[in-house]
There are 2 protein chains.
Amino acid sequence: MVIRVDFNSDEALYIQLCNQIILGIASSNIQEGETLPSVRELADNIGINMHTVNKAYSILKQEGFLKLDRRKGAVISLDLDKVNAKLELYDVLSVALARAMCKNITREEMHRAVDEVCDDILYGNTLQE
Amino acid sequence: MVIRVDFNSDEALYIQLCNQIILGIASSNIQEGETLPSVRELADNIGINMHTVNKAYSILKQEGFLKLDRRKGAVISLDLDKVNAKLELYDVLSVALARAMCKNITREEMHRAVDEVCDDILYGNTLQE
DNA sequence: ATACTTGTTATATTCTTAGTATAACAGCAA
DNA sequence: TTGCTGTTATACTAAGAATATAACAAGTAT
């Protein structure tokens, strides 16, 4: 799985790493049971520090996306806590949709956006390869 | 319009201010043409520094939610840049929905979440008063 | 047993951001 | 003039992000 990073972004590197890996899982780019590169290897590939990668992996572990094994490394392992996941989704949506409403984006457009983003993640319509 | 702040949150104070005001606009709690408290007044009310409020107002101005007038203060004034607003919405959704997909949240549940959040903003179902 | 790799922990340093604290300025209203 | 707006400037503290070394424990491979 290819992982890139934008050094000019105002988003923290470890957050970018988390997001990319989550997108990779959602798009089946990497699947349950498969392993990510080791912290040192990924850090070297991207050109960042080991601890930055380790921080991302630790967060993903705590959020139930993978498990860390000292022998195998970082193994994708999904813990399906839907209750908590829904609460987080509602939190994110409340600010995102409030913004959208202020900009006169209709509810139909929001629903279309959900479908398009899902399709994009699953089948890769627009940009991402 | 009532504005509160959570000092224990890991979210920056000025971000919380921005989000609250945007939610206030979306929920018609405050409307186009109406004015927000002055930077000094709001800062005193909440118990934070003037510059933190000023930072929030400046961002909201730059994002097209209000205009700053030296005589009237901060006046709600919506600049409807739908193109940009949609791009931002897609950005936020892509990471939020990828997370949701990993947690086996169905597309139907996502659509229901959109409707519930919108209704909650507009009519105040659950918690917010 | 040795060498190597894994995640993990610890410490220290640099840089950026967030937030505060004063202070002053320009424009406008009572 | 007095008092209120937003605006700008400067300086400081605190916290987080990222890096740099270093070492440790546990497993694998030779």
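Letters go in sequence order (proteins before strands), and every chain restarts at 1.
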Closest nucleotide among C:dT6, D:dT7, C:dG7 to the A:L68 side chain: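 Looking only at heavy atoms from C-beta outward on A:L68, the closest nucleotide is C:dG7.
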Checking B:A113 now: which residues fulfil side-chain contact (heavy atoms from CB on, under 4.5 Å) with it, not counting sequence neighbours?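 B:A113 satisfies side-chain contact (heavy atoms from CB on, under 4.5 Å) with A:L89, A:Y90, A:L93 only.
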Restricting to side-chain contact (heavy atoms from CB on, under 4.5 Å), what partner residues turn up for A:H51, sequence neighbours left out?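 A:N49.
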Quick check: are there more than 12 heavy atoms from other residues, nucleotides or ligands sitting under 6.0 Å from CD of A:E11?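 Atom CD in A:E11 is packed in, count exceeds 12.
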Indicate for each nucleotide in nucleotides 12-27 of chain C, in 5' to 3' sequence, whether protein heavy atoms under 4.0 Å reach the base (B), only the sugar-phosphate (S), or nothing (-). ------SSBBBBB-BS
Sidechain N-carboxylate O distance under 4.0 Å for A:K103, B:E88: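 Salt bridge flag = no for B:E88 with A:K103.
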What I want to find out is whether A:D119 reaches B:R107 closely enough, with some N-O distance under 4.0 Å, to be called a salt bridge.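 Yes.
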What is the distance from [atom1] of [X] to [atom2] of [N], rounded to the nearest Å?
X	N	atom1	atom2	answer
B:E41	D:dG6	CD	C1'	14 Å
A:L36	C:dT6	CG	C1'	14 Å
B:Q62	D:dG6	CD	P	18 Å
B:L60	D:dT7	CG	P	12 Å
A:N54	D:dA17	CG	P	14 Å

Duplex segments of DNA chain D, taken as runs of at least three Watson-Crick or G-U pairs that stay under 3.5 Å: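 Correct response: C:1-5 with D:26-30, C:7-25 with D:6-24, C:27-30 with D:1-4.
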Tell me every residue that passes side chain to side chain donor-acceptor pair (under 3.5 Å) with A:Q16, counting only those two or more places apart in sequence or in another chain.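 Side chain to side chain donor-acceptor pair (under 3.5 Å) check on A:Q16 returns nothing, list empty.
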Side-chain donor or acceptor of B:S9 paired with backbone N/O of B:D6 under 3.5 Å: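 It does not hold such a pair.
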Using a 3.5 Å cut-off and no angle test, enumerate the donor-acceptor pairs between side-chain atoms of residues 34-46 of chain B and protein atoms at least two apart in sequence or in another chain.
from  : atom 1 : to    : atom 2 : distance (Å)
B:E34 : OE1    : B:Q31 : N      : 3.4
B:S38 : OG     : B:E41 : N      : 3.1

How do A:P37 and B:D69 order along DNA chain C: which one's closest nucleotide is nearer the 5' end?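 First, find each residue's nearest nucleotide; the 5'-ward one identifies A:P37.
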Between B:S38 and D:dT5, is there a contact of a side-chain N or O with OP1 or OP2 at under 4.0 Å?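 True: B:S38 side-chain N/O within range (under 4.0 Å) of D:dT5 OP1/OP2.
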Which part of the nucleic acid, if any, lies within reach of A:K61 when heavy atoms closer than 4.0 Å are counted: base, sugar-phosphate only, or nothing?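 The residue A:K61 makes sugar-phosphate contact but no base contact.
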Among B:N29, B:I25, B:L23, whose side chain to side chain contact (heavy atoms under 4.5 Å, CB included) with B:M1 holds?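 Checked B:N29, B:I25, B:L23 against B:M1; only one passes side chain to side chain contact (heavy atoms under 4.5 Å, CB included): B:N29.
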